[in-house]
Amino acid sequence: MYVAVKGGEAAIANAHRLLADRRRGDRTLPSITIQQVVEQLGLAVDRVMAEASLYDRELAALAVRQARGDMIEAIFILRAYRTTLPRFGYSEPVNTATMKVERRVSATYKDLPGGQLLGPTFDYTHRLLDPSLIDDAAVEEPAVKEPGEHVMRVSDILDGEGLIEGDGRMPEGHVMGDLTREPMEFPMARDLRLQALARGDEGFLLALAYSTQRGYGRTHPFVGEVRIGEVEVELDLPELGFAVSLGVVRVTECQMVNQFMGSAKQPPQFTRGYGLVFGQSERKAMSMSLVDRALRTDEFSEDIVAPAQDQEFVISHADNVQATGFVEHLKLPHYVDFQAELDLVRRMRRDYEAANSGEPTKERREAAE
Amino acid sequence: MDAKLKQESPPDTARKAGMRLLARASSEELNAAWEALADKPDVSPVRGPETGLVMVRGRIGGGGDAFNLGEATVSRATIRLSTGEIGHGQLLGTDKQRARLAAIFDALFQRNGDRATVEALHRKIASRIAAEDRRTAEETAATRVDFFTMVRGDD
């Protein structure tokens with residue numbers, strides 16, 4: 001029997017009203033503005049943009065505020081918003097070699113053109129809580145120095161010796177995929193995997209990247225370089241016949257360099273994993289590059305022995321909007337499903353008790369007859 | 001793909017450079033330039049202003065084949081001046097008014113009498129961006145590591 005139930009409208013309306021109240025909090029305190037979130041919680045904004053797969057700092061800040069700081073909720077809201085907009089087109093690929101670099105470090109070369117530029121990093125801080133922030137103490141202006149030479153890409157340096165594989169090429173005739181237009185299919189090509197990883201959950205990718213370091217699909221990684229800065233986005237305008245700049249976006253790029261012993265087909269060389277993420281998001285870009293390399297098992301004839309190497313496992317579970325949807329739906333009414341299960345368990349329990357008391361069950365009696 | 005093969009003519013290059021700057025103009029810069037126009041042009045909309053998405057692409061390994069990185073909001077507008085020039089404005093973000101003004105100045109750039117005015121606006125935007133970039137580069141340069149070698153032991 002199926003009984004449709006209705007109700008709860010008033011409860012839902014009041015719950016949302018209560019949510020709005022709790023979101024606002026103590027009314028004697030000033031409300032935070034979107035610009036304040038953009039300026040002072042910038043890395044939260046960046047994470048929401050990256051995982052919502054939508055670059056717009058103001059909208060991401062609005063989502064953070066609306067979600068009361070719940071990152072996945074904010075990502076969900078921004079992801080939902082993007083479905084309301086038409087797609088104008090595809091940009092020209094951004095050129096990270098001409099990035100306006102705000103940070104660049106390499107763990108493989110000490111002295112390299114452009115140098116080690118620490119930028120606004122948490123590295124080397126002591127991770128001690130800073131009570132001066134409570135009183136909003138004045139902050140010093142940044143130090144300045146004469147800028148040095150062009151910040152050369154580390155992969156170009158290594159490339160000169162032929163000991164490192166080149167930038168990634170897809171097989172001849174490959175048509176670039178777009179996850180937002182086609183359903184996921186496995187095996188998935190590297191371009192699509194990178195799109196999925198770029199918007200994948202930072203925590204999930206971090207854990208997988210960590211697992212490769214701990215031996216679950218070891219990749220022998222070095223950070224060739226991490227760079228953060230602005231790149232220009234250009235869009236081809238068919239009506240004009242040339243590409244025009246739409247402005248700049250800040251991205252984080254990680255070139256992971258991995259030792260490779262060689263195989264029957266390939267000589268020993270350094271292979272690479274690649275990470276590119278919207279905003280300033282170094283942990284995510286590094287994790288992405290480690291997972292990208294781990295997933296390239298088919299290219300290097302590697303056995304799949306660990307979760308991080310299993311593309312169906314990794315890609316199917318990397319999206320936190322999908323994941324939260326499926327996990328959280330469990331709290332929605334399942335009254336009818338549960339009633340059916342309850343009946344089933346009651347029946348099994350009766351049979352179990354009957355079997356243990358030595359009395360033949362109905363089924364056994366029938367079978368015997 | 002004819003567009004790709006077609007050589008950009010010098011006027012295209014100048015217009016493209018101007019559009020690049022207009023895309024990064026602030027509301028204040030565009031509004032001030034509009035207010036300063038002695039002769040406000042008659043403008044009719046052709047398309048938009050409207051907000052949509054552009055899929056931003058990256059390259060595998062930084063220089064390899066392209067992949068789709070994620071989308072960005074873009075606002076765009078196309079307008080026509082009463083004298084016939086068509087202007088396009090397109091920029092990141094959801095500010096449709098900025099896109100419309102950018103389109104108007106793109107159209108005015110093509111009109112001989114107004115070109116110098118728009119070029120002055122271009123220069124103003126360019127010098128502001130150059131100053132900002134310069135400042136960021138200087139701040140970044142101050143965080144450059146100077147390694148020094150410590151000699152250990154005696155020889």
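As the structure is a computational prediction, the values presented were derived from the model and not from experiment. Sequence lines set the chain letters: A, B, ... in the order given, protein chains first and strands last, and positions in each chain run from 1.
- In this structure, chain B has heavy atoms under 4.5 Å from both the backbone and the side chain of A:Leu194.
- The candidate with the highest count of non-hydrogen atom pairs below 4.5 Å against chain B, out of A:Arg104, A:Met256, A:Glu232, is A:Glu232.
- Both the backbone and the side chain of A:Tyr55 come within contact range of chain B, judged by heavy atoms closer than 4.5 Å.
- Within the 4.5 angstrom heavy-atom criterion, atoms from both the backbone and the side chain of A:Val94 approach chain B.
- Of the atoms belonging to A:Glu239, it is side-chain heavy atoms, and not backbone ones, that fall under 4.5 Å from chain B.
- Contact of A:Met170 with chain B is made through backbone and side chain together, with heavy-atom distances under 4.5 Å.
- Ring geometry for B:His122 against B:Phe109 counts as tilted: the plane angle lies between 30° and 60°, on a 0 to 90° scale.
- At a heavy-atom separation below 4.5 angstrom, chain A is approached by B:Val74, B:Arg76, B:His88 within residues 74-88 of chain B.
- Heavy atoms of B:Thr73 lying under 4.5 Å from chain A belong to its backbone as well as its side chain.
- With hydrogens and angles disregarded, no donor-acceptor distance shorter than 3.5 Å links the side chain of A:Gln280 to the backbone of A:Asp46.
- For A:Arg87, the parts sitting under 4.5 Å from any heavy atom of chain B are the backbone and the side chain alike.
- Heavy atoms of other residues, nucleotides or ligands lying less than 6.0 angstrom from CZ of B:Phe147 number more than 12.
- A donor-acceptor contact closer than 3.5 angstrom is absent between the side chains of A:Ser245 and A:Glu234.
- Between the side chain of B:Thr143 and the main chain of B:Thr140, a donor-acceptor pair closer than 3.5 Å is present.
- Annotation for B:Thr51 and A:Phe88: closest pair C-CZ, 3.7 Å, computed over non-hydrogen atoms.
- Residues A:Cys254 and A:Ser289 approach most closely at SG-OG, 3.4 Å, considering heavy atoms.
- For the options A:Arg199, A:Gln255, A:Arg82, heavy-atom pairs under 4.5 Å to chain B are most numerous at A:Arg82.
- Looking at B:Arg24, only its side chain comes within 4.5 Å of chain A, counting heavy atoms on both sides.
- A:Gln195 and A:Asp178 form a side-chain donor-acceptor contact under 3.5 Å, judged by distance and modelled atom types alone.
- With a threshold of 4.5 angstrom between heavy atoms, A:Val101 approaches chain B through N, CA, C or O but not through any side-chain atom.
- Residue B:Asp39 qualifies as open at atom CG: its count of foreign heavy atoms under 6.0 Å is 12 or below.
- Donor-acceptor pairing under 3.5 Å is lacking for the side chains of A:Arg296 and A:Thr271.
- Side chain to side chain, A:Gln116 and A:Tyr109 fail the donor-acceptor criterion of an N or O pair below 3.5 Å.
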- Begin from the C-alpha positions of A:Glu282 and A:Thr252 and carry the test side chain to side chain donor-acceptor pair (under 3.5 Å) through to its verdict. CA-CA 6 Å; A:Glu282 196 162 293; A:Thr252 304; over 6 Å; no
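- With a 4.5 angstrom heavy-atom cutoff, B:Asn68 touches chain A via backbone and side-chain atoms both.
- Contact of A:Leu197 with chain B is not made at all, since no heavy-atom distance falls under 4.5 Å.
- Per-residue counts of heavy-atom pairs under 4.5 Å with chain A were compared for B:Ala23, B:Gly89, B:Gly52, B:Ala102; the largest is that of B:Gly52.
- Proximity to chain B (any heavy atom under 4.5 Å) is shown, for A:Ala97, by neither the backbone nor the side chain.
- Contact detail for A:Val277 and A:Ser281: the closest heavy-atom pair is CG1-CB, 3.9 Å.
- A salt bridge is absent between A:Asp191 and B:Arg57; no separation between the charged side-chain nitrogens and carboxylate oxygens falls under 4.0 Å.
- Residue A:Glu146 touches chain B through both its backbone and its side chain, counting heavy-atom pairs closer than 4.5 Å.
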